[in-house]
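Right, one structure below, let's go through it.
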There are 2 protein chains.
Amino acid sequence: MHSADAVESIQREMTVFARRARASAGRLHPELSLVSYTLLGHVEESGGCRATDLAAHYALDKSTVSRQVAGLERAGLIERRPDPKDQRVQVLHLTRSGRHILDRVTQSRRAAFRERLTGWPAEDLRRFAEYLVRYNA
Amino acid sequence: MHSADAVESIQREMTVFARRARASAGRLHPELSLVSYTLLGHVEESGGCRATDLAAHYALDKSTVSRQVAGLERAGLIERRPDPKDQRVQVLHLTRSGRHILDRVTQSRRAAFRERLTGWPAEDLRRFAEYLVRYNA
DNA sequence: TCGGGGTGGTTGGGTTGTGCAACCATGGGA
DNA sequence: TCCCATGGTTGCACAACCCAACCACCCCGA
């Protein structure tokens, strides 16, 4: 396989993956869309972040994030705390319920993934993940 | 990095990638969305296929494909030919114009990708593509 | 000190991609 | 000949987006 073909494949397969991921996420966890799940995960990992941070990291319009965040708050999964340093800012944090649901969904997603990746050598998994991170950096 | 973390990363980074791809595709080629481009590419590669084939391969609902195909036909990029073996079937083929646009967009996408992947050893590219194909298989 | 450009966030409006369900037409056996 | 399966279209609803306009607040320089 030449580099040009590899590039072609990467592009196409990523697209296929994304579509399937979204579809199956919707089926498995009606309570938490793939987008919500991703944002929720980011909020947890970051230990409190702003809507703008989410928008920048996921290349989303701030209006999109604003609405997603509103939905998550309405669902009681995150809460907004004022930033004492800057009155414009709302720092997002998971609620107890948000953490709980995130954990449940993560478990179940992980199980599905693991099944899918059964038989992959650990080394390949590691390298696959590393490629993706490097690409998106 | 342990396997569980790798799995987590793969999932997340794929999502990020997909979103960026869609956004940038829309910006670079307003005349051909990412979905259209993908389907068009598949039709060319297969050398004539049915809408149902597309739906199966991309895990899309047949109604979605039907509408996408209708759009591509309206745009003059593909044409439907009756299948002599089965009157229900419409075999999809690229038109001259479809082939032309597909080529142009492919060139430009490839250039963008290549720039992005500058500095990647060919071996890594090859392996990255292989992982993706294996995963989606 | 005050005015203005920059930044965080919300809202209104519109587009696109998608799935589900109901439907039609054709095909292929029992 | 009937009946079910299959390929495809259409109506309907919805989620995720983006852009533009807007408000509130921050901060820097004249």
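Scope of the values below: all heavy atoms of this structure, side chains included, with no hydrogens, waters or symmetry mates. Here is the naming used below: chain letters follow the sequence lines, and residue numbers restart at 1 for every chain.
- As rounded to whole Å, 16 Å separates atom P of dG7(D) from atom CG of L60(B).
- Spacing between atom CZ of R81(A) and atom C1' of dG9(C) amounts to 19 Å, rounded to whole angstrom units.
- For the pair Q90(B) and V69(B), the minimum side-chain heavy-atom distance is 4.5 Å or more.
- The nearest whole Å value for the distance from the CD atom in Q68(A) to the C1' atom in dA15(D) is 8 Å.
- Heavy atoms of A59(B) sit under 4.0 angstrom from primed sugar atoms or phosphate atoms, though from no base atom.
- Side-chain N/O atoms of S33(A) include none lying less than 4.0 angstrom from OP1 or OP2 on dA15(D).
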Quiz prompt | Nucleic acid footprint by protein, nucleotides 22-30 of chain C - heavy-atom cut-off 4.0 Å, B for base, S for sugar-phosphate alone | solution = ----BS---
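- Following rounding to the nearest Å, L34(B) (CG) and dA16(D) (P) show an atom-to-atom distance of 18 Å.
- Rounded to a whole Å, the CG atom of D83(A) is 10 Å from the P atom of dC26(D).
- Between L39(B) atom CG and dT16(C) atom P there is a gap of 16 Å when expressed in whole angstrom units.
- Put simply, the side chain of S63(A) and the base of dC17(D) share no donor and acceptor less than 3.5 Å apart.
- Residue Q90(B) has a polar side-chain atom (N or O) positioned under 4.0 Å from OP1 or OP2 of dT9(D).
- When the nearest nucleotides of DNA chain D are assigned to A51(B) and V35(A) by heavy-atom distance, the more 5′-ward of the two goes with A51(B).
- When the side chains of ILVMFWY residues are joined at heavy-atom separations under 4.5 Å, either directly or via intervening members, L32(B) and L60(B) end up in a single hydrophobic cluster.
- A salt bridge does not link R50(A) with D83(A): every distance from a Lys NZ or Arg NE/NH1/NH2 to an Asp or Glu carboxylate oxygen is 4.0 Å or more.
- Regarding L32(B), its CG atom lies at a distance of 14 Å from the C1' atom of dT16(C), rounded to whole Å.
- Between E123(B) and R126(B), at least one side-chain N (NZ, or NE/NH1/NH2) sits under 4.0 Å from a carboxylate O, which counts as a salt bridge.
- Checking dC17(D), dT9(D), dG9(C) against every side-chain atom of V89(A), the shortest atom distance belongs to dG9(C).
- Residue T64(B) places at least one side-chain N or O under 4.0 Å from the OP1 or OP2 atom of dG19(C).
- One interatomic measurement links the two molecules: CG of D61(B) to P of dT10(D), which rounds to 14 Å at whole-angstrom precision.
- The two atoms that bring L77(A) and S97(A) nearest to each other are CD2-OG, 3.7 Å, heavy atoms only.
- OP1 or OP2 of dT9(D) has at least one side-chain nitrogen or oxygen of S66(B) nearer than 4.0 Å.
- Across P84(B) and Q87(B), no two heavy atoms sit closer than the pair O-OE1, 4.1 Å.
- Backbone-only contact: T52(B) has heavy atoms under 4.0 Å from sugar-phosphate atoms and none from a base.
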Exercise. I would like to know whether L39(A) and Y58(A) meet side chain to side chain contact (heavy atoms under 4.5 Å, CB included); could you show each step before the answer?
Key: CA-CA 9 Å; L39(A) 297 184; Y58(A) 294 102; 3.8 Å; yes
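- Taking only side-chain nitrogens and oxygens, R67(B) never comes nearer than 4.0 Å to OP1 or OP2 of dC12(D).
- When hydrophobic clusters are built by joining Ile, Leu, Val, Met, Phe, Trp and Tyr residues whose side-chain heavy atoms come closer than 4.5 Å, directly or via intermediates, L94(A) is not grouped with V89(A).
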